[in-house]
Structures are given as structure tokens and as C-alpha cells.
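Below: the structure, in C-alpha cells.
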Amino acid sequence: MFAVHLMAFYFTKLKEDQIKKVDRFLYHMRLSDETLLDIMTRFQAEMQKGLGKDTNPTASVKMLPTFVRAIPDGSENGEFLALDLGGSKFRVLKVQVSEEGKQKVQMESQFYPTPNEIIQGNGSELFVYVADCVADFVKTKGLKNKKFPLGLTFSFPCRQTKLEEGVLLSWTKKFKARGVQDTDVVNCLTKAMKKHKDIDVDILALVNDTVGTMMTCAYDDPYCEVGVIIGTGTNACYMEDMSNIDLVEGDEGRMCINTEWGAFGDDGALEDIRTEFDLDLDLGSLNPGKQLFEKMISGLYLGELVRLVLLKMAKAGLLFGGKISSTLHTKGKIETRHVAAMEKYKEGLANTREILTDLGLEPSEADCIAVQHVCTIVSFRSANLCAAALAAILTRLRENKKLPRLRTTVGVDGTLYKIHPQYPKRLHKVVRKLVPNCDVRFLLSESGSTKGAAMVTAVASRVQAKRKQIDRVLALFRLTQEQLVGVQDKMRAELEYGLKRDTHPLATVKMLPTYVCGMPDGTEKGKFLALDLGGTNFRVLLVKVRSGRRSVRMYHKIFAVPLEVMQGTGEELFDHIVQCIADFLDYMGLKGAPLPLGFTFSFPCRQTSIDKGTLIEWTKGFKATDCEGEDMVDMLREAIKRRNEFDLDIVAVVNDTVGTMMTCGYEDPNCEIGLIAGTGSNVCYMEEMRNIELVEGDKGLMCINTEWGGFGDNGCINDIRTQYDKEVDEGSLNPGKQRYEKMTSGMYLGEIVRQILIDLTKQGLLFRGQISERLRTRGIFETKFLSQIESDRLALLQVRRILQQLGLDSTCEDSIVVKEVCGAVSRRAAQLCGAGMAAIVEKKREDQGLEHLKITVGVDGTLYKLHPHFSWILQETVKELAPRCDVTFMLSEDGSGKGAALITAVAKRLQQAPKGK
């Protein structure tokens with residue numbers, strides 16, 4: 001026991017000694033709170049300098065106006081050209097943007113001089129010169145005969161109304177070319193490019209070269225007004241009051257300012273902060289003397305800083321017994337990912353030993369502790385410096401708004417922030433310490449760019465093309481008035497085919513007689529049992545109906561129908577149903593009571609009487625064997641006999657649609673139509689007996705269950721079916737059947753959306769082109785998600801959260817597109833439903849010989865009830881297509897339960913009525 005304590009003491013002492021040794025060696029890298037407040041003040045001064053018209057040319061922090069109030073999210077990939085006109089040199093870039101899990105930007109560039117005689121001469125000559133340089137670049141890089149989208153990075157104040165247009169307000173930075181001010185510079189360049197037949201570019205965007213980080217966050221969160229990248233490079237932007245931006249005309253509103261803070265200190269403002277290691281790193285870099293702040297912070301350099309520290313400590317005999325491997329001598333051999341791995345909470349020391357061993361070193365336990373602490377100091381300084389500059393921006397925002405306390409959100413992106421185990425926590429803590437009067441939320445942006453201006457150009461250059469591709473898909477779901485009238489006419493024809501004896505066998509809309517011939521008259525009374533089978537849940541209800549006051553009380557219990565029962569044998573399904581009835585009767589203390597029963601069976605049945613229902617085919621995922629072609633009432637009676645515990649008087653088998661109509665008819669005598677718009681889609685209505693050739697007699701009315709879900713199974717609506725409808729149909733349990741239902745019901749709408757999202761993702765238009773396993777999963781988009789996503793009250797950030805719940809890692813732009821896709825699919829569904837309903841109300845009006853029909857439709861179903869726009873679009877479509885019908889839509893209160901009981905009550909009343917009445 002003593003030995004264990006001794007070892008623990010030894011390790012603790014060893015750790016303390018090594019930490020003290022490193023602290024002494026790197027004391028200059030450890031920044032006090034006072035120093036951080038001082039750096040914050042210096043950065044505030046640099047910001048002010050960058051915003052001033054007179055001081056901007058000499059400012060190291062350029063504070064460049066972007067003319068952007070919100071930016072696309074950077075989820076682009078592909079090759080494009082970018083031109084950068086706005087400095088002492090003109091730059092042409094070929095930018096390769098790819099994702100591979102993390103955003104990656106590769107650039108090839110060429111600088112061309114901008115002689116004074118060009119930039120201060122005639123405007124048309126300036127753009128001819130730019131076009132000549134582009135032609136030279138395309139030729140030297142071997143890019144001829146290849147079409148490129150092009151983004152023009154134009155670093156002057158422009159009035160922009162859209163991405164591909166910009167009217168120059170004024171030249172800055174020595175540019176004075178005549179005849180360009182107040183003209184569209186994109187148009188000027190397009191004309192000049194046309195003279196070069198050998199280059200094929202499509203100018204899609206005019207962007208400012210300074211927009212780097214604030215890609216999605218202003219959309220994501222209304223409080224988000226700062227964007228920060230802490231990755232390979234580092235940069236920040238924020239929303240500045242226009243009145244403070246001297247370089248741009250106008251005082252109204254705000255504009256995104258790209259600070260380009262990586263260059264902070266390039267004028268010597270941070271010389272007292274920089275260490276010998278920073279000086280060595282800078283001298284060995286590709287851009288000595290530039291981006292000095294970035295070189296103390298970003299992921300591109302942290303690993304190298306650690307390597308330089310370790311090299312010097314080893315040379316001083318403070319590490320590795322003074323031995324140095326050739327790998328440790330090699331630039332770039334320690335990367336930021338190594339630093340992050342070494343700083344992991346539990347496995348950090350083991351990672352450190354492994355990484356050092358890979359570098360050809362033989363580290364002791366003490367060496368590993370020391371190296372880990374070196375990493376901590378280097379990365380902690382990075383977070384501290386970042387926090388100081390960010391605190392300066394937050395203070396400026398608070399002062400601009402004249403608030404004693406600021407609530408704001410900072411959007412953050414970058415691999416260092418994402419992969420380093422301690423970095424976010426350290427950054428957040430220091431920022432909150434430096435600005436205690438700011439309530440800061442940090443929001444991780446999944447789509448921020450890795451290379452500032454280049455990525456923004458990439459995004460901008462792809463926006464229009466992306467939009468066109470998305471619009472092309474969504475256009476398939478936009479139905480014209482002519483198409484809707486066509487659906488209405490075809491539905492009307494199918495209704496007639498279904499009613500006629502000769503054409504009924506081939507009709508897709510089956511028009512099944514229900515033998516429900518009366519509506520409730522208020523005299524119904526008694527206790528009734530109701531069963532409701534039509535989805536994954538099965539309900540048993542006790543319904544008490546009182547006469548006179550039209551009062552109905554219900555008691556029910558819900559039972560699950562497991563998948564193995566839904567798709568097992570018919571005997572198993574009905575035994576399960578009877579087991580549920582037995583449980584309910586026990587629960588209610590009613591075993592042995594001879595109750596009349598109504599069975600809501602929401603599947604296509606052919607009836608020969610009110611208590612006979614032969615199943616035509618299963619829908620909605622049911623596949624129980626030995627049921628199709630059998631009488632469902634008989635199967636229920638057989639199962640009750642097998643149980644041999646109770647007997648029930650099965651009076652009626654009804655469809656949930658009929659129950660819905662009956663429930664509303666109990667309240668409103670004008671209700672003669674029932675509509676279900678939920679998991680499935682169906683309509684029933686009271687038809688003139690004289691029109692029903694399948695049933696004897698021509699007096700009075702009978703309710704017809706249209707089973708309109710099968711509309712189009714004969715191909716009559718193929719002209720409006722899309723590839724996505726076909727994919728959903730082919731992947732369903734009943735391919736080729738219920739085609740109309742598959743375009744209109746909640747069970748399938750989400751699946752259509754999923755198919756569209758997969759296609760858009762394959763085209764690289766969503767989710768960074770990555771099809772997640774979750775997105776491949778059938779059925780993840782339920783109706784409730786469509787309803788939530790389309791809610792007018794839901795901000796895009798909340799839409800992103802819903803998508804994240806579904807395992808879809810979306811950017812703000814993705815969220816916008818998903819919302820549009822959901823809207824297009826649900827709108828078409830509502831319009832198609834409306835066109836079908838218009839056919840039915842017009843038929844009723846004509847059958848009754850009326851100039852004007854007033855009628856009520858009883859409606860039930862989650863899609864109609866919960867979706868924010870479905871009901872309104874359906875109603876508007878009916879109004880437009882059946883203008884001579886005044887249709888009231890009435891929500892049903894539990895049509896499938898209460899309705900079944902009311903039908904049973906009406907049937908009992910009619911049975912008991914004296915003969916002749």
C-alpha cells in the first residue's frame with residue numbers, strides 16, 4: 001500500500017517539476033489578463049483605423065466592406081475561376097473546392113501588374129486588360145476548352161441588388177478609370193470577355209474579397225452578428241453600422257465587415273508579444289512579415305510552433321536527454337492534429353508518447369509530461385489571442401448599439417476549433433472574462449469556409465447554378481391550373497366508371513357501396529362498442545350515445561399492432577384484435593355484456609350489406625395472409641369463437657372515411673361528404689341510389705366509399721407523376737397500386753421528400769454531397785416533420801435542429817432548400833386532393849340539378865389537422881375549380897371511433913323501426 005502511495009507521490013512530483021520547467025522556458029508565451037486587455041484595446045484601435053477612409057490605406061487590419069448582409073453557407077464543391085481586382089496587382093485564381101468530410105480549398109493563382117496607365121485610363125481599356133490576363137492564365141494553366149463558373153472579386157464600394165450585378169459607387173486605392181463609376185462592372189467585364197473566343201466563362205457572382213467567415217450564422221440565429229474561423233487560417237467578420245463605414249456611401253442599416261484580422265501586428269503592433277519561436281516560424285514561412293497574428297493562432301502554424309519549441313528545448317538538454325532526431329529537425333512534421341491528440345484529457349499522455357516515438361525520439365515519462373504542457377501553452381496562447389480580438393469586436397458591437405449589456409451570438413467554424421479537445425472551452429471562458437457585460441452564445445457553423453474570400457467566391461459562383469438545378473426539381477411539383485382541371489375531369493370520369501356495372505371491374509376508383517343509407521337524426525341512444533383498425537395502432541372504444549341532447553361520451557384504449565402481426569397470418573391478426581377486445585372489456589368491467597359493435601376497418605372492402613365486408617386488398621403496410629377476398633366480419637366472429645370468452649353483436653363494418661362523415665353529420669345535417677387526409681387518403685359521399693348500378697333500388701341515398709387512393713393506377717395521371725413518385729411507388733409494399741394516395745397522403749409525402757433530398761444530395765446541392773446512412777433509411781421523414789419544418793413560426797435554426805434530430809447535418813442553406821422541398825410536395829398533395837374534391841362536389845351539384853350547391857365536408861387526418869398550410873391550399877383549390885359550390889370543411893371529432901358507433905346506432909335504429917317506416 002505504501003508503495004502505491006509512493007508511486008502516486010513520485011508521479012505528481014514529476015508532473016509538477018516538468019510543468020514548472022516548461023513554464024520557465026515559455027514564460028513569454030503565457031499572457032496575463034492585463035496583457036489580454038491591452039491587446040484588446042490595440043485591436044479596437046486597429047479596427048477604427050481600418051474603418052476610416054483616410055487611415056484605411058495604412059491600417060494592417062483592413063476592415064473591408066463586403067456589401068453583403070447575409071452570405072450563402074459555403075457548402076460548394078467543384079472548380080471555378082476567381083478574379084481579384086482591387087489592389088496593386090490583379091490576381092487570377094483557379095480554385096478547387098472539395099469537401100471530403102471537412103472543407104478543403106486548393107488554389108492556383110497568377111498575379112498580373114495593374115499599371116497606372118490602365119487603372120487611371122479609360123474604363124473599357126481596364127476591362128479589356130482584365131480579360132486579356134484571364135485568357136493568358138487559361139492558356140498557361142492548360143484550361144482551354146473547359147467551361148468555368150467565374151466569380152469577380154471586386155474590392156470597391158458597389159451598389160448591388162443581386163449577386164451577378166454591381167454598380168460602382170466610387171473607386172478607391174488609386175483606381176480612377178474613367179467611365180466606370182455608376183455602371184455595372186459585371187456587364188463591362190462580360191463585354192470584354194466576349195472578344196476572347198478561346199475562353200468559356202460564365203460570370204455568376206460579384207463578391208468582395210474580404211468575406212471569409214460569416215456564411216450561415218446570420219441566417220441561423222437572429223442574434224448572430226459575428227463570424228469567426230479558427231482553422232487552418234483565422235479570420236473574423238461582424239455586422240457594422242453603415243454610419244461607421246467611411247469607405248461606403250450611405251448611413252442606413254448595417255453591413256458585414258471582413259476584418260482580415262490575420263494581419264493584425266503586421267505593422268509592428270504586436271512586437272512585444274511575439275516570441276523567438278514566432279520570429280523563427282515567420283522567417284521560414286511562405287509569407288514572412290505577413291499574417292503575424294494568424295501565425296500565432298491558426299492550425300496551419302500551431303504544430304510548427306510546438307516543433308520549434310521542442311527543438312530548442314532538446315538542444316538545451318531539457319528534453320529527450322539532449323538527443324534530436326532528423327524528423328524533429330524537419331519542418332511541418334508536427335501538425336495541429338498531433339497537438340490536439342496530445343492534449344486529450346485521458347489518453348493525451350499515451351498519444352504524446354506515440355507521436356514522439358513516430359518522430360524518431362525515445363521519450364521518458366518526464367519528456368511526455370513536458371511536451372504535453374508545451375502543447376497546452378501554445379494552444380492556450382492561441383485561444384487567448386483569439387479571445388482578445390473577438391472581445392474587441394463584441395465591445396464595438398455593444399457600443400454601437402449603446403447597450404449596457406449585449407446579447408449576441410458568435411458563429412464559429414474551423415478545424416482547430418472543432419478537433420482540439422480544449423480549445424472551445426478555453427476560448428469561451430476567456431471571452432466571457434474579457435467582456436463580462438456581453439452574454440455570448442457560440443454557435444458552431446458547419447459550413448464556414450476554410451479560406452475566407454476564396455470560399456466565398458466559390459459559394460457565390462455556384463449560387464445561381466445551384467438555384468436553377470433546385471428550381472428545376474421543384475418545378476415538377478408545381479401544378480398549373482390546366483393540369484388541376486385535367487385531374488378534376490379524370491377523377492370525375494373514374495367516379496362514373498366505378499358506379500357503372502359494366503365498367504366497375506376495371507375502374508381504379510372502386511366506388512364501393514357501404515350500405516349506410518341513413519344519417520343520424522338525434523334519436524339514437526345506448527352503449528356501443530367500436531373497433532378501429534387502420535394503422536399501426538388499434539383502438540377499442542366504448543361509446544355512450546344519449547338521445548335528444550346529441551350527447552356522446554367515449555372511453556377508449558389504444559393497443560399496438562406489431563409489424564410481425566401486420567404482416568403475419570390473418571388468423572394471428574384477428575386473434576390479436578380479440579385479445580385487445582378482451583383486455584378492454586376486462587379494463588371496463590364489461591365482460592359478458594351483449595354490446596352492439598361497429599368495426600371501423602380502414603381498408604378497401606366490397607360490401608353486400610352493412611355487416612359484410614370482403615377485403616379487396618391491404619394498404620398502409622398491412623400484409624396479413626389469407627385475408628384478401630375474405631369477409632372481415634366473419635374472420636372477426638371466428639376469432640371471437642376461438643377465444644370463447646364473450647359474444648358480441650357485430651352490426652356494422654365501416655370505413656374510417658364513412659365514420660368521419662357520420663360524426664360530422666351528427667352535428668351538421670349538410671354534411672354529405674367525408675374526407676380523410678392523414679396516413680392514407682380517401683373520400684366517401686352520399687350518392688343517389690339511381691346512380692349506383694351495383695345495388696338494387698333507385699330510391700334515396702347510399703354512402704359510397706370511393707377508395708380514391710387507387711385513382712391513376714391505370715396510368716391516367718402519369719403526366720404529373722415524377723421520378724420521385726415512381727421511386728416511392730417501386731419501394732412500397734404495393735407497387736403500381738394506390739398511386740393517387742402515394743402523392744397525397746402523410747404516409748408517403750415524407751418519403752417523396754426523402755427521395756428528392758437524396759437526388760439533390762447526389763447532385764451536390766445538399767448536405768455537402770454526402771448521403772448519410774440516415775438519409776438512406778426509408779421512412780425517416782414522417783408527416784409531423786414536414787408539418788414542423790413548414791411552420792411559419794419556425795426559424796431556420798429550428799429547422800436545422802429538426803434535421804439534426806433526423807441525423808442530417810445541415811447548413812442554413814440546406815435548411816432553406818429542405819423547407820422549399822417540403823412545401824412543394826405538400827402543396828401539390830393539397831392541390832391534388834382539392835382537384836379530386838372539386839370533382840365530387842361538382843358531381844353532387846349536377847346530380848341535384850342545382851345552380852349553386854351548399855355542402856359540408858367532414859374531415860379527419862393528421863395531415864389536414866397538423867400541417868400548417870395543407871387545409872388552406874386544399875380549400876382554395878376547391879374554390880377555384882368548383883366556383884359554384886359553397887363548401888364548408890368541418891373537422892371531425894374522432895370519426896373512426898365515434899363514427900363507427902353512430903353508424904351502429906343508426907343501423908340498430910333502422911332495424912328496430914316498425915316495418916313500413
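Both backbone and side-chain heavy atoms feed into the values below; hydrogens, waters and symmetry mates do not.
We find that Glu727 and Arg754 are not joined by a salt bridge, their nearest charged nitrogen and carboxylate oxygen being 4.0 Å or further apart. Salt bridge status for Lys295 with Glu304: absent, with no side-chain N to carboxylate O gap under 4.0 Å. Salt bridge absent: Lys290 and Asp282 never bring a charged side-chain N and a carboxylate O closer than 4.0 Å.
Atom CD1 in Ile758 sits 4.5 Å away from atom CG in Leu775 (nearest 0.5 Å). Distance check, rounded to the nearest 0.5 Å: CG of Asn244 to CZ of Arg396 gives 5.0 Å. One finds the CG atom of Leu385 at 7.5 Å from the CG atom of Leu270 (value rounded to the nearest 0.5 Å). Between the CG atom in Leu766 and the CG atom in Asp814 there is a gap of 5.0 Å [rounded to 0.5 Å]. Separating the OG atom in Ser298 from the CZ atom in Phe293 is a distance of 10.5 Å, to the nearest 0.5 Å. Atom OG1 of Thr336 is separated from atom CG of Leu416 by 6.0 Å, given to the nearest 0.5 angstrom.
For the pair Leu757/Phe781, a side-chain contact is recorded, criterion being any heavy-atom separation below 4.5 Å from C-beta on. Contact annotation: the side chain of Phe767 approaches that of Val818 to within less than 4.5 Å [non-hydrogen atoms, C-beta and beyond]. Looking at Val821 and Val473, their side chains never come closer than 4.5 Å, going by heavy atoms from C-beta outward. By the 4.5 Å heavy-atom criterion applied to side chains, Asp136 and Asp132 are not counted as neighbours. When side chains are defined from C-beta on, Arg307 counts as touching Lys331, because their heavy atoms get closer than 4.5 Å. Looking at Phe137 and Leu143, their side chains come closer than 4.5 Å, going by heavy atoms from C-beta outward. Between Tyr724 and Leu476, the closest side-chain pair of non-hydrogen atoms falls below 4.5 Å. Residues Pro115 and Tyr129 have side chains in contact (heavy-atom distance under 4.5 Å, counting atoms from C-beta outward).
Thr234 places no side-chain N or O within donor-acceptor distance of the main-chain N or O of Ile230, the cut-off being under 3.5 Å. At distances below 3.5 Å, not a single donor-acceptor pair connects side-chain atoms of Asn56 with backbone N or O atoms of Leu51. Side chain of Asn235 to main chain of Ile229: no donor-acceptor pair is present (N/O by atom type, distance under 3.5 Å, no hydrogens or angles). In terms of modelled atom types and a separation under 3.5 Å, the side chain of Tyr423 and the main chain of Ser382 share a donor-acceptor contact. No donor-acceptor pair under 3.5 Å is formed between the side chain of Asp725 and the backbone N or O of Ile752. In this structure, the side chain of Lys62 engages the main chain of Pro57 through a donor-acceptor pair within 3.5 Å. Checking side-chain atoms of Thr259 against main-chain N and O of Ala236 turns up a donor-acceptor pair under 3.5 Å. Put simply, the side chain of His338 gets close to the backbone of Glu335: a donor and an acceptor are under 3.5 Å apart.
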Evaluation steps, side-chain contact (heavy atoms from CB on, under 4.5 Å), between Trp261 and Ile393: CA-CA 11 Å; Trp261 76 6; Ile393 290 174; 4.1 Å; yes

Take Gln110 and Tyr112 through the side chain to side chain donor-acceptor pair (under 3.5 Å) test and state the conclusion after the steps. CA-CA 7 Å; Gln110 177 71 49; Tyr112 295 89; 5.0 Å; no

Check step by step if side-chain contact (heavy atoms from CB on, under 4.5 Å) holds for Met47 and Tyr238. CA-CA 11 Å; Met47 288 168 74; Tyr238 74 101; 3.8 Å; yes

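Taking all atoms of both residues into account, the shortest heavy-atom contact from Arg828 to Ile720 is NH1-O, 3.7 Å. Between Thr58 and Lys49, the shortest heavy-atom distance links the atoms OG1-CE, 3.8 Å. The minimum heavy-atom distance linking Leu126 with Ala177 is given by the pair CD2-CB, 3.9 Å. Of all non-hydrogen atoms in Lys141 and Glu108, the two that sit nearest each other are CD-OE1, 3.5 Å. Across all non-hydrogen atoms, the minimal contact from Leu292 to Gly265 is CD1-O, 3.5 Å. Between Glu820 and Leu474, the shortest heavy-atom contact is CB-CD1, 3.9 Å.
Annotation for Glu117: atom CD counts as buried by contact number, over 12 foreign heavy atoms lying within 6.0 Å. Surrounding NZ of Lys333 are at most 12 heavy atoms belonging to other residues, nucleotides or ligands under 6.0 Å away.
Ring pair Phe264/Phe43 is perpendicular by interplanar angle, where above 60° counts as perpendicular and below 30° as parallel.
A side-chain N or O of Gln763 and one of Asp759 form a donor-acceptor pair less than 3.5 Å apart.
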